[in-house]
Each structure stands twice: as C-alpha cells, then as structure tokens.
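For reference, the structure is listed below as structure tokens.
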Amino acid sequence: MKTIGVVTSGGDAPGMNAAIRAVTRIAHSKNLEVLGFERGWEGLLTNTFRRLTPRNVGGIIQLGGTILHTCRCPEFKTEDGLEKAAKSLSANCVDGLVVIGGDGSFKGALELSKKTNALIVGIPATIDNDIYGTDETIGFDTAVNTAVSEIDKIRDTAISHERIFIVEVMGRTRGFLAVTVGITVGAEIILVPEEKGKTQDVVNVIRENARKGKKAGIIVAAEGCGKVTEIAQEIQEKTGAEVRLTILGYVQRGGSPSARSRFLASLFAEKAVDLLLQNQGNLAVALQNGHVKSVPFTDVCNKTKPLDMSLIALADMLAT
Ligand code: ADP
Ligand code: F6P
C-alpha cells in the first residue's frame with residue numbers, strides 16, 4: 001500500500017475535518033501518500049483531488065464542515081459512474097480509499113468495491129447516528145450539544161410565556177438525535193418515528209401538567225415524525241394551550257466539532273488506516289462499548305440499528 005484516497009460524502013457532519021486531518025497524519029507517519037478527492041463521490045467521477053500533507057491539514061481540527069466539500073451524487077449510483085470512479089482510482093495508483101460519511105456513502109463504497117482493486121474502508125460520520133454496528137458516529141455529539149444549547153434558550157421564553165414549544169430536530173427517518181436531545185433538555189415529551197401515533201399522549205401530558213400547575217413545556221420531535229405544523233395545530237386545538245413551533249434545521253449540521261466528535265474522529269482514523277495497512281477492505285470502523293472495532297459494509301448496508309426504546313420510558317419518568 002503506497003497511496004490512499006480520502007473522500008467526505010453525503011451530509012456533512014462536524015468532525016469530518018478532524019477525521020481528514022487524522023487520516024492524513026497517521027497515513028504519512030506510515031509512509032503513505034494521501035489524495036483528498038473533492039465534493040464527495042463527484043471528485044472520483046471528475047478525477048478532482050488535492051494532495052494532502054501533514055502541513056496542509058493543519059488548523060482544521062476545530063472547523064465544522066469539510067475542507068474537501070461534499071455533495072449528493074446521483075451519477076455515482078449508475079454503472080457508468082462507478083466505472084469512472086474506479087478508473088480515477090487506478091489512474092492515480094490509489095490502493096486504499098477512506099470514505100467518511102453516512103450509510104448512503106457506505107452503500108456507494110460497497111458498489112464501488114465491486115469495480116476496483118482498491119480496498120475501501122468507511123469512517124461513520126453523520127449527525128443522525130443511524131449507522132448499524134456503531135454506538136456513535138462523528139458529528140452526533142456536536143449536533144446534540146448544538147440542539148441542546150438552542151432549546152435551553154427556547155425553554156426560557158416558554159417558561160416566561162407559559163407556552164408549549166414543539167422543537168423539530170433532524171435525524172432523517174430515525175430518532176437517535178431526538179431521544180438524546182430530548183433527555184438532555186428535560187423535554188416533557190419526545191416524538192420519534194419509531195413510535196407512531198403519540199399525539200393523544202402529548203395532549204394527555206399537557207393537560208395533566210397544566211393540572212399540576214406546569215403550563216410550559218418542550219416537545220422534542222424528530223423530523224421523521226411527519227408534518228410538525230399539523231401536530232402543533234392539533235395539540236393547540238385539543239389542549240387550548242398556546243403552542244409554538246421551532247424547526248432547528250441546518251444549525252445542527254454546522255459549528256465547531258465538540259471534543260468528543262474530534263476524539264472519535266482521531267480514533268476512527270487510526271483504525272481505518274490500520275485496516276488498510278493490514279490489506280482489509282469493505283469494512284466500516286465502529287465504536288462498540290467503548291472499543292474501536294470494524295463491521296462489514298454488507299452488515300452496515302443491510303441491517304438496521306435499533307433505537308433503545310427504554311430511553312423514551314426514561315424520558316417520561318424524568319418529565320413528571
Ligand atoms: P449519507 O452518506 O450521509 O447517508 P447519502 O444517502 O446522500 O448520504 O449518500 C451519499 C452518496 O452516496 C449519494 O449521493 C450517492 O452518490 C451514493 N450512494 C448512496 N446510495 C447508493 C447506492 N445504493 N449505490 C451507489 N451509490 C450510492
Ligand atoms: O443525514 C444528515 C441530514 O442532516 C439529515 O438529518 C437530514 O434529514 C438530511 O441530512 C438533510 O439532507 P440535505 O442536506 O440533502 O437537505
């Protein structure tokens with residue numbers, strides 16, 4: 001193994017830069033050259049890359065986003081696109097590729113591995129924390145902290161005005177972000193896509209709280225739950241409470257990565273480079289019970305990470 005490529009793909013996540021830096025510096029310390037492909041898979045289709053060195057990845061560990069840029073790349077899903085990407089790798093003598101991204105990016109990596117001799121390993125990075133096989137992804141902790149600091153501010157005004165706020169957080173189709181954020185802001189109720197039809201429970205909780213003299217409240221809803229405007233309207237009509245809605249949106253994807261996201265990025269990068277040096281591919285690195293392991297792409301792509309529903313029960317007890 002002489003040259004490895006690095007690519008950031010799919011939705012960006014805070015800590016991607018820390019991972020680029022760590023992969024580059026660890027690889028160089030093992031005498032590997034590193035090429036950073038630009039704009040996700042698109043960089044492989046267009047053969048656009050820059051040489052990464054320990055010096056030119058300096059000063060980025062604290063930056064959100066990704067210096068390599070990222071995008072969603074429909075062309076990569078086609079036979080033609082995959083062939084072009086494979087050609088780029090062989091034209092540049094890339095023997096190993098590190099893909100930093102989410103499960104969609106790993107699906108792409110698995111398809112690409114069928115067309116190239118280069119070994120491919122994945123580093124899980126997404127604010128959604130929805131990747132099978134790993135307890136945590138790069139960026140998740142930062143997004144949780146961002147959402148928590150915003151919702152703490154919303155709590156102030158909710159209390160002053162004795163209002164109910166529904167706050168929608170990201171997470172795509174899953175509720176990992178909503179559950180962790182909900183527990184850590186002391187939400188009165190958490191709505192996740194994994195548990196459907198809870199609007200009546202929300203109404204009951206608001207009525208019961210009002211009886212106890214608690215008129216303000218925060219409902220954390222995962223974006224995958226559906227139309228929050230309709231949920232807000234229904235709750236207002238049924239409870240008579242003043243309901244307001246905040247969609248946190250893309251602030252959750254940006255900002256300086258937390259210490260935890262940077263640390264995870266550094267640990268994952270070390271494992272990714274190690275796997276390539278051991279001539280192992282088609283694996284995603286993963287955090288399992290505090291240890292850095294690896295999981296086959298086939299599992300990551302075909303299995304679903306379970307959401308621990310006992311956390312919702314915990315949130316309910318904490319909100320009484
Ligand atoms: P994430 O990696 O954050 O889950 P996406 O789901 O958008 O983000 O996937 C990132 C990119 O990976 C897509 O734009 C596409 O280029 C590629 N990709 C996703 N799914 C596949 C697939 N089944 N086959 C080939 N490429 C894929
Ligand atoms: O996967 C990260 C994420 O931010 C999801 O939480 C959200 O549903 C999606 O990406 C938004 O995607 P886009 O950047 O394409 O709007």
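Fair warning: this is a prediction, and the values are worked out from it, not measured in the lab. Atoms within a ligand are numbered from 1 in the order they appear, just like the ligands themselves.
- Atom 19 (C) of ligand 1 has as its closest protein heavy atom Gly104 O, 3.0 Å.
- Set against the non-hydrogen atoms of Gly10, the atoms of ligand 1 under 4.0 Å away are 1 (P), 2 (O), 3 (O), 8 (O), 10 (C).
- Of the candidates Cys301, Pro124, Ser105, the one placing a heavy atom closest to atom 2 (O) of ligand 1 is Ser105.
- One option in Gly40, Gly102, Ala109, Gly108 has a heavy atom closer to atom 1 (P) of ligand 1 than any other, and that option is Gly102.
- Inclusion of Lys107 in the set of residues having an N or O under 3.5 Å from an N or O of ligand 1 is not warranted.
- Close to ligand 1: Asp103, with a non-hydrogen atom less than 4.0 angstrom away.
- Closest to atom 5 (P) of ligand 1 among all protein heavy atoms lies Arg72 NH1, 3.6 Å.
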*asked:* Working note: Asn209 + Val205, criterion side chain to side chain contact (heavy atoms under 4.5 Å, CB included); need CA distance, chi angles, decisive distance, verdict.
replied: CA-CA 6 Å; Asn209 282 351; Val205 167; 3.6 Å; yes
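- Among protein heavy atoms, the minimum distance from atom 21 (C) of ligand 1 is reached at Lys77 CE, 3.6 Å.
- For atom 4 (O) of ligand 2, the closest non-hydrogen atom of the protein is Arg253 NH1, 2.7 Å.
- Inter-residue side-chain proximity for Leu177 and Phe140 is flagged as met; some heavy-atom pair is nearer than 4.5 Å.
- Using a 4.0 Å cut-off between charged nitrogen and carboxylate oxygen, Arg155 and Glu188 count as a salt-bridge pair.
- Atom CD1 in Ile190 sits 11.0 Å away from atom CD1 in Ile219 (nearest 0.5 Å).
- Checking only distances, Pro74 never comes within under 3.5 Å of ligand 1, N or O to N or O.
- Residue Gly11 has at least one nitrogen or oxygen atom sitting less than 3.5 Å from a nitrogen or oxygen atom of ligand 1, judged on distance alone.
- Shortest contact from atom 1 (O) of ligand 2 to any protein heavy atom: Asp128 OD2, 2.6 Å.
- In this structure, the side chain of Thr78 does not engage the main chain of Pro74 through any donor-acceptor pair within 3.5 Å.
- Of the protein's non-hydrogen atoms, Cys73 O, 2.6 Å is the one closest to atom 16 (O) of ligand 1.
- Ligand 1 has no nitrogen or oxygen under 3.5 angstrom from a nitrogen or oxygen of Gly101.
- The nearest heavy-atom contact from the protein to atom 16 (O) of ligand 2 is Tyr250 OH, 2.4 Å.
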*Let me see the working for Asp141 and Ser261 under side chain to side chain donor-acceptor pair (under 3.5 Å), right down to the final yes or no.*
CA-CA 6 Å; Asp141 179 70; Ser261 291; 4.7 Å; no
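- Among protein heavy atoms, the minimum distance from atom 8 (O) of ligand 2 is reached at Glu223 OE2, 2.6 Å.
- Taking any N or O of Glu111, backbone or side chain, none lies under 3.5 Å from an N or O belonging to ligand 1.
- Contacts with ligand 2 closer than 4.0 Å are made by side-chain heavy atoms of Arg72 only, the backbone lying farther away.
- For the ligand labelled ligand 2, residue Gly102 lies outside the 4.0 Å heavy-atom shell.
- At under 3.5 Å, not a single nitrogen or oxygen of Phe76, backbone or side chain, sits near a nitrogen or oxygen of ligand 1.
- The CG atom of Asp128 lies 9.5 Å from the CD atom of Gln252; values are rounded to the nearest 0.5 Å.
- Side chains of His28 and Val34 form a contact here, defined as non-hydrogen atoms less than 4.5 Å apart.
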